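By convention here, the first residue in the shown sequence is residue 1. As the structure is a computational prediction, the values presented were derived from the model and not from experiment.
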Amino acid sequence: MSERVNVEKKSPAPGTAPGTPGTAHPAGQPAADEKPVADGTRIAAAKAEAVLPALGPMGMLRWAWTQLTSMRTALFLLLMLAVAAVPGSLFPQRPANPSTVTQYIKDHPDYGKLLDTLQLYDVYSSAWFSAIYILLFISLIGCVVPRAIAHYKAMRSQPPRTPARLSRLPEYGTLVIPADAGIPASQAITEAAGALKKRGYRVDVRDRDGARPSLGAERGFLREVGNLVFHTSLIGVLVSVAVGGLFGYSGQRILVEGDTFVNTLVGYDQFTPGTNFQSSQLQPYSVQLDKFQITFDRESQGKFGQPIDFKADVTTKESPDAPARKEVLKVNDPLTLGGTSMYLTGNGYAPIVTIRDGAGNVAMQGPVVAKLQGDNYYSSVVIKVPDAKPEQLAFAGFFLPTAFVTEEGVSFSGDPELINPQLTLNSYFGDLGLDDGAPQNVFELDVEKLTPLNARNLDAGGITLAPGASYTLPDGKGSISFDGVKRYVGVDIHHNPGQLYALIFALLAVAGLVTSLYVNRRRVWVRTGTHEDGRTMVEYGLLARGEDHRLAGEAARIRGVLSEEWDLREADPGPAAGTGSGTDSQSAPSGMADNDRADADEPGANIEQVAQDHPATDFIPSSAGSPESKKDS
């Protein structure tokens, strides 16, 4: 554009005279009425007139696919997935505890329903969380597949061509084979190829019978293979986790000695299904708790009375018609039944009580699970009797395996064994709120709408029972008897069909990551030539793909291998200059006397003359940041 402007200034338009508008004037002599035009105005006008080509539907799809499959997008989606999982820990989740979600909405009527509309109570199965998850899948697959194809093509292609000047590579050296060795350039390049193949290089010899044969060698393809295995394994882990979340389930059950658990929906105390769970997935196996044994520490002073071993003797059946088997369930030693794993997670005592109502009928009979609250198996007890007539009954108190009473009249448990069991309760009557179908916690009792019968602050006092004792409630409301004590265990049952695959892919990801970190991608070039006096001149150079702090050591080892191949160790002047290693090396002409630069000298120049002008060195390193080095990388 500037040339066009100059032409317009210097070439007057036809029919115009100097000094008139539109006529070019000598430098420094512009016309009085001429207004200069800025180049920026012309550029802006040109841009305004330019018409950009339209991408079109296919172009937009290609652009969107390129953006989605970039590593930057994959990392951003991974961050979004982590952020999207945060509400799952802030708000109660419906699959885990529906009653808690219902109560949360009642307690927060202003925004509780809004959160439900946004699916914040079903985070991990919500539409927006699933969208991020699926996009992350697509992005990772779009990143890995093209890289795998490109790496496959790179493994089948020949090593890169030999650079014109090997001396400009990060690691460079020369060797000289004496004339009396009888090794021509073609033989030297063949033997160098064999030596590099023994070191695991993929070698390609070029111009073997020419005056200056060369070879290109490459190794370290496992580095990219490790990268691909790592990223592919991440996809496998995500798929395995998704399969577990879709088709897995988990549940909890408390088993008292003598009770039997059957793997059906009604057999669980609490059940958390997967998104696509079907009840037909449950295999109807059964587990009966025969006896639970605890071993307490009775020797050490600091941990006296602490439990040191748990063992549950159970009887299992894979199906209703299968034979029964005796097995042992221990901590960190789960049972495997019907594709599920059963873990021992808790234990305690269950007092056996019999409660009669005002009419003398048995309203409840059996063990009541006591919830651990303190040391030495101090446990809380809640008993709800909705079938009592004419008024529903309830009891709340605590159970002590070995009861002691202080001078102030406070009871506590002095030992975890059943030495002096005691059941201390308060009694209530009224509407328990169970008839309306609202779920309640079996270990908690809401006494606001109940009328107390027995308590310490009442005339009737509290209820204190030893095994075999009974107590008659005031006002003819009934009676309660303490019949004995059993032990109970809490078990967790998990079914995760993707768990094994997640472990396998996780191990593969670690193996791929370690491989990518410790394997280096390297390239080696060797060129040979024959000097006028019959010596065979050899030069070699190394280049790393990426960071490789061990490249200098590899260069020293290659130099040692080549020197041993041609038996050049007898002329050992000491460590090679510039290598920093003590590898034996042969004295060789300067890098200025290599085959490339010998040919690049003025006509008539020879390698000996160049060697006289420059002292001999064994190894001449060059800058790794040179343009040639960057281009080869």
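Taking all atoms of both residues into account, the shortest heavy-atom contact from R527 to T162 is NH2-CG2, 3.2 Å. Closest of all the heavy-atom pairs between S240 and F505 is OG-CD1, 3.6 Å. In terms of heavy atoms, A185 sits closest to T536 at CA-CG2, 4.0 Å.
Checked against side-chain contact (heavy atoms from CB on, under 4.5 Å), R199 has the following partners two or more places apart in sequence or in another chain: Y201, R219, E554, R557, I558, V561. Applying the salt bridge (Lys or Arg N to Asp or Glu O under 4.0 Å) rule to R202 yields the partners E218; only residues at least two apart in sequence or on another chain are considered. Residues passing the side-chain contact (heavy atoms from CB on, under 4.5 Å) test with Q281, sequence neighbours excluded: F247, F277, Q278, H495. In terms of the salt bridge (Lys or Arg N to Asp or Glu O under 4.0 Å) criterion, residue partners of E318 (sequence neighbours excluded) are, by chain and number, R325. For L513, the side-chain contact (heavy atoms from CB on, under 4.5 Å) partners two or more places apart in sequence, or in a different chain, are F230, S516, L517. The salt bridge (Lys or Arg N to Asp or Glu O under 4.0 Å) test applied to D492 returns no partner, not counting sequence neighbours. In this structure, the side-chain contact (heavy atoms from CB on, under 4.5 Å) partners of K311, at least two apart in sequence or on a different chain, are Q293, D313, V328, K330.
Sorted by first and then second residue, the ring-ring contact (aromatic ring centres under 6.0 Å, His included) pairs with a member in residues 136-164 read Y133-F137, H151-F221; sequence neighbours excluded. Residue pairs meeting the side-chain hydrogen bond (donor to acceptor under 3.5 Å, both in side chains) criterion with at least one member in residues 68-86, sequence neighbours excluded, are S70-T73. Among residues at least two apart or in separate chains, salt bridge (charged side-chain N to carboxylate O under 4.0 Å, His left out) pairs with a member in residues 118-140 are R94-D122. Every pair passing side-chain hydrogen bond (donor to acceptor under 3.5 Å, both in side chains) that includes a residue from residues 222-237 is listed here, sequence neighbours excluded: R147-E224.
Between V176 and M537 there is a side-chain heavy-atom pair separated by less than 4.5 Å.
Looking at E539, its side chain never comes within 3.5 Å of a backbone N or O of Y172 through a donor-acceptor pair.
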Give the table of side-chain donor-acceptor pairs shorter than 3.5 Å for residues 54-64, with sequence neighbours excluded, one pair per line with atom names and distance.
none

